[in-house]
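Working notes, structure below.
The chains referred to below are lettered A, B, ... by the order of the sequence lines, with proteins before strands, and numbering in each begins at 1.
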Amino acid sequence: MSSPKTLLSTLLRNPTTIRTKSQAKQLHAHILTTKGTCSTHLSVLLSVYSNLNLLHELLLVFNTIHSPPALAWKSLIKCYTFHGFFHKSLASFIEMRAAGEHPDRHVFPSVLKSCTLMMDLKLGESLHACIIRLGMDFDLYTGNALMNMYSKFQSLGESGTLSGAPKVLDGMPEERGKGEGENVVVTVRELSGRIVTGELVDQGRMLCFDEKSKRQMGGGEGLNNYKNNSNSNQSSVRKIFDMMPKKDLVSWNTVIAGNAQNGMYEDALTIVREMGNDNMKPDSFTLSSVLPIFAEYVDVIKGKEIHGYAIRHGLDADLFVGSSLIDMYAKCTCVEDSCRLFNLLPWHDGISWNSIIAGCVQNGLFDEGLRFFRQMLKAKIKPMHVSFSSIMPACAHLTTLHLGKQLHGYIIRCGFDDNVFIASSLVDMYAKCGNIRIARWIFDKMELHDMVSWTAMIMGYALHGHAHDAISLFEQMEMEGVKPNDVAFVAVLTACSHAGLVDEAWKYFNSMTEDFGIAPGLEHYAAVADLLSRAGRLDEAFKFISDMHIGPTGSVWSTLLSACRVQKNVELAEKVAERIFRVDPENMGAYILLSNIYSAARRWKDVEKLRIFMRNKGMKKKPACSWIEVKNKVHAFVSGDKSHPYYDRINEALEVLLEQMEREGYVPNTKEVLHDVEEEQKKNLLCRHSERLAIAFGIISTPAGTTIRVTKNIRVCMDCHTATKFISKIVGREIIVRDNSRFHHFKDGKCSCGDYW
DNA sequence: ATAGGGTTAG
């Protein structure tokens with residue numbers, strides 16, 4: 001056991017051996033008792049506190065030192081940056097220089113990080129100038145920090161100025177609370193202004209800088225080369241990288257991440273390949289920069305190669321790599337792999353939870369997404385912005401208004417309701433849950449609207465058949481200078497389609513290509529094809545689809561096929577069906593539609609042929625499903641479903657209704673649908689379609705006058721559409737049915753779609 | 001000094 005005195009001198013010589021707060025405090029006590037307030041020893045203590053990120057303890061000591069030496073300043077600055085007090089960090093840097101202390105390689109990474117997180121490009125450039133003048137630009141750590149800074153400014157779209165600073169302050173209640181933040185900013189600005197002029201005129205050093213990098217820099221304008229155009233930041237990064245005399249793995253990873261995050265995927269991948277020549281092996285940082293590229297490319301083969309590399313190098317349990325892998329598999333539609341991976345991770349953080357939730361929801365696994373969300377809450381992981389905007393579409397698709405409202409409440413309590421992503425997802429959710437007024441209310445409360453929020457609202461109106469609201473909103477958006485993208489055009493075309501506005505649709509369709517240079521995609525074609533078909537302009541629709549410059553999918557043709565059914569145009573139907581089977585031989589819906597069309601035309605032989613063909617192919621119909629929310633509980637039904645506890649009462653209600661409906665003139669449209677069962681059974685089957693079970697349940701389980709809201713996973717059937725009109729009149733209720741493409745509001749025997757079914 | 005997740009879509 002060594003004496004306290006030798007222990008102290010050992011510790012002072014090796015301050016990094018101190019790993020805990022109590023050890024640090026012991027050292028503190030030793031110094032005070034044996035060395036008094038000698039600033040050299042106290043500075044060592046400060047570096048210990050700084051390494052342990054103990055800002056409070058550090059400040060207590062720092063404030064007792066009369067003229068702090070460089071080591072003390074460096075410790076203070078590093079600790080301020082770590083705790084997010086970027087203004088204080090920079091202000092201390094200025095103070096340090098004013099006190100005549102020389103900054104060195106240990107301080108620049110911290111101040112550069114502060115600039116980066118404050119999004120202050122100007123200040124960062126001044127610092128760069130200062131670094132060059134001090135000859136520190138060849139330092140490894142400083143160079144890495146510089147590259148990181150320029151990469152980040154690029155991905156922020158260079159919007160970074162001090163105006164962005166209050167955002168950074170959001171996470172720092174103490175500083176904001178004291179109202180000091182802004183004063184410090186001003187100080188930093190004034191002082192930094194001085195630095196800028198002071199440093200930039202120092203051309204001698206600039207020239208040296210220029211000569212070293214003449215190849216890439218061209219002209220000799222020193223720092224200006226770092227900021228002239230939008231791509232320049234990334235090339236600045238590359239220049240710094242190429243000039244660095246010594247590079248480590250962090251340097252490689254920084255330049256790779258910079259390229260990846262700025263969309264320069266091929267460059268990023270090239271640099272990964274180059275790493276090997278420098279004896280650098282990709283690590284978890286490298287992989288989690290590269291994986292999002294393959295997610296974006298939807299290249300699961302390459303993604304799996306990375307996964308294999310991760311496993312071979314023991315990196316697959318890393319949370320960052322794991323989250324990226326989950327995301328990559330999900331974006332490649334291999335969401336089962338995402339789930340498997342998620343379960344294999346040794347533990348989960350907020351990001352990995354978000355990845356799996358988003359992965360499920362994006363792949364249509366809404367229940368699974370909700371399950372993961374609940375598990376996350378149970379695991380005491382606090383949801384973040386991203387968690388809410390990922391899960392909200394699940395509520396929107398499932399029409400679970402009560403859940404959506406609960407989440408909305410949660411969002412408000414978290415203070416997230418001003419987030420654009422979340423607000424847009426709320427607008428969408430309320431619209432899809434049938435509450436277009438609240439959707440609009442949230443939309444109007446938003447401070448600024450981006451493309452997505454406009455589109456969500458326009459689409460909401462379109463789904464509800466409020467074409468004129470949709471169109472006027474679209475025009476308002478254009479007037480406010482927001483350039484519509486392809487999705488916005490999908491929304492406005494859908495609005496036209498649901499209201500039969502053929503001329504308007506053509507106007508938008510042409511304007512999209514001519515004025516906005518957006519090539520029509522499948523959805524645009526589908527909307528126009530849908531419009532022409534529903535408007536009964538079948539030949540026009542056929543020609544339009546045939547002339548598409550991308551191969552039409554089965555779903556584009558399908559609307560025309562159902563229109564053929566409505567118009568009883570068997571000849572065209574056969575032509576259309578043939579086109580569908582050519583591109584999509586497994587399209588079950590098309591076989592059924594065609595079979596129904598044959599039935600209506602009494603072409604029983606063709607019906608039979610189709611039926612045998614389908615049976616031989618082993619095709620099974622995806623079950624149609626409808627659901628309704630009653631007293632915050634979702635009740636789901638499939639056709640002929642007897643499993644519901646109230647089935648008997650539902651059945652009874654349907655019988656009574658049917659009797660009344662028939663008295664009012666309803667004739668079940670059995671001849672189009674079924675062929676090989678008895679007439680009475682036909683009627684029964686038809687009248688037990690899932691949406692009717694749901695509607696009947698709604699009628700018997702809610703008080704008179706309550707609006708009934710039913711959702712169906714596929715298009716509501718023609719006979720049910722007719723029947724629901726009768727039902728709405730008989731029970732005197734408003735019935736709202738949302739199917740896979742739109743809302744039908746039934747009231748007083750009429751439907752909002754004007755039978756534009 | 002470096003890394004991962006988000007909203008709209010017939």
Side-chain angles (χ1 to χ4, degrees), chain A residues 105-106 108-110 112-113 116 139-149 151-152 248-258 260-261 283-292 295 318-328 330 349-359 361-362 384-393 396 419-429 431-432 450-460 462-463 485-491 493-494 497-498 521-531 533-534 553 555-556 558-559 715 740-742:
Chain A
R105 68 188 64 203
H106 300 293
F108 283 113
S110 295
L112 286 170
K113 185 177 182 178
T116 308
D139 172 57
L140 175 64
Y141 279 33
T142 306
N144 287 346
L146 275 171
M147 290 196 295
N148 180 45
M149 181 184 77
S151 295
K152 290 283 154 59
D248 67 354
L249 193 50
V250 176
S251 325
W252 285 92
N253 284 339
T254 305
V255 76
I256 290 165
Q261 283 162 4
D283 68 348
S284 63
F285 283 78
T286 327
L287 301 193
S288 45
S289 293
V290 168
L291 279 166
D318 179 274
L319 265 187
F320 279 77
V321 176
S323 306
S324 313
L325 280 169
I326 290 169
D327 182 56
M328 183 277 295
D349 67 355
I351 306 273
S352 53
W353 279 108
N354 287 344
S355 305
I356 193 65
I357 293 167
V361 174
Q362 285 161 1
M384 321 176 229
H385 298 218
V386 181
S387 327
F388 289 112
S389 42
S390 304
I391 198 63
M392 200 55 77
N419 178 287
V420 190
F421 281 73
I422 290 177
S424 302
S425 70
L426 281 171
V427 167
D428 179 59
M429 186 275 292
K432 292 231 170 84
D450 65 348
M451 253 317 308
V452 175
S453 50
W454 284 104
T455 307
M457 193 66 236
I458 293 169
M459 198 63 196
L463 292 178
N485 68 358
D486 53 331
V487 186
F489 277 104
V490 171
L493 286 172
T494 303
S497 149
H498 287 178
L522 268 181
E523 280 90 1
H524 306 104
Y525 284 122
V528 175
D530 188 57
L531 171 61
S533 305
R534 290 191 206 240
T553 56
S555 63
V556 178
S558 292
T559 47
R715 195 164 162 185
N740 60 342
S741 75
R742 63 202 283 180

Counting only side-chain heavy atoms from C-beta out, which of [options] sits nearest to [X]?
X	options	value
A/Met459	B/dG4, B/dG6, B/dA9	B/dA9
A/Asp248	B/dA1, B/dG4, B/dG10	B/dA1
A/Ser324	B/dG4, B/dG10, B/dG6	B/dG4
A/Ser741	B/dA3, B/dG10, B/dT8	B/dG10
A/Asn253	B/dA9, B/dT2, B/dA1	B/dT2
A/His385	B/dG10, B/dT2, B/dG6	B/dG6
A/Ala527	B/dG10, B/dA3, B/dA1	B/dG10
A/Lys152	B/dT7, B/dT8, B/dT2	B/dT2
A/Asp428	B/dA9, B/dT2, B/dG6	B/dA9
A/Pro109	B/dA1, B/dT8, B/dG10	B/dA1

When all nucleic acid strands are considered with a 4.0 Å heavy-atom cut-off, which category describes [X]: base, sugar-phosphate, or nothing?
X	result
A/Ile458	nothing
A/Ser355	sugar-phosphate
A/Asn485	nothing
A/Asn419	base
A/Met457	nothing

Gap between atoms [atom1] and [atom2], on [X] and [N] respectively (whole Å):
X	N	atom1	atom2	answer
A/Met384	B/dT7	CE	C1'	16 Å
A/Phe421	B/dT7	CZ	P	8 Å
A/Ile256	B/dA1	CD1	C1'	15 Å
A/Phe489	B/dA9	CZ	P	17 Å
A/Asp486	B/dG10	CG	P	12 Å
A/Tyr525	B/dG10	OH	C1'	15 Å
A/Trp252	B/dA1	CH2	P	22 Å
A/Asp283	B/dA1	CG	P	16 Å

N/O donor-acceptor pair, side chain [X] with base [N], under 3.5 angstrom:
X	N	value
A/Ser289	B/dA3	no
A/Ser323	B/dG4	yes
A/Ser424	B/dT7	yes
A/Ser389	B/dG6	yes
A/Asp349	B/dG4	yes

Quick one: side-chain hydrogen bond (donor to acceptor under 3.5 Å, both in side chains) partners of A/Asn253, sequence neighbours excluded?
A/Asp283, A/Thr286
For the residue pair A/Ser151 / A/Asn148, report whether a side-chain donor-acceptor contact shorter than 3.5 Å exists.
no
Reckon [X] has a side-chain N or O less than 4.0 Å from the OP1 or OP2 of [N]?
X	N	result
A/Asn148	B/dT2	yes
A/Lys432	B/dT7	no
A/Gln261	B/dT2	no

Contact check, side chains of A/Pro109 and A/Tyr141, non-hydrogen atoms, under 4.5 Å
yes
Side chain proximity check, A/Asp428 to A/Met392, heavy atoms < 4.5 angstrom:
no
For A/Phe489 and A/His524, take the angle between the two ring planes, folded into 0 to 90°, and tell me which bin it lands in: parallel under 30, tilted 30 to 60, perpendicular over 60.
perpendicular
For A/Arg534, enumerate each residue passing the salt bridge (Lys or Arg N to Asp or Glu O under 4.0 Å) test, keeping only those at least two apart in sequence or located in another chain.
A/Asp530
Decide if atom CZ of A/Arg715 counts as having more than 12 heavy atoms of other residues, nucleotides or ligands within a radius under 6.0 Å.
yes
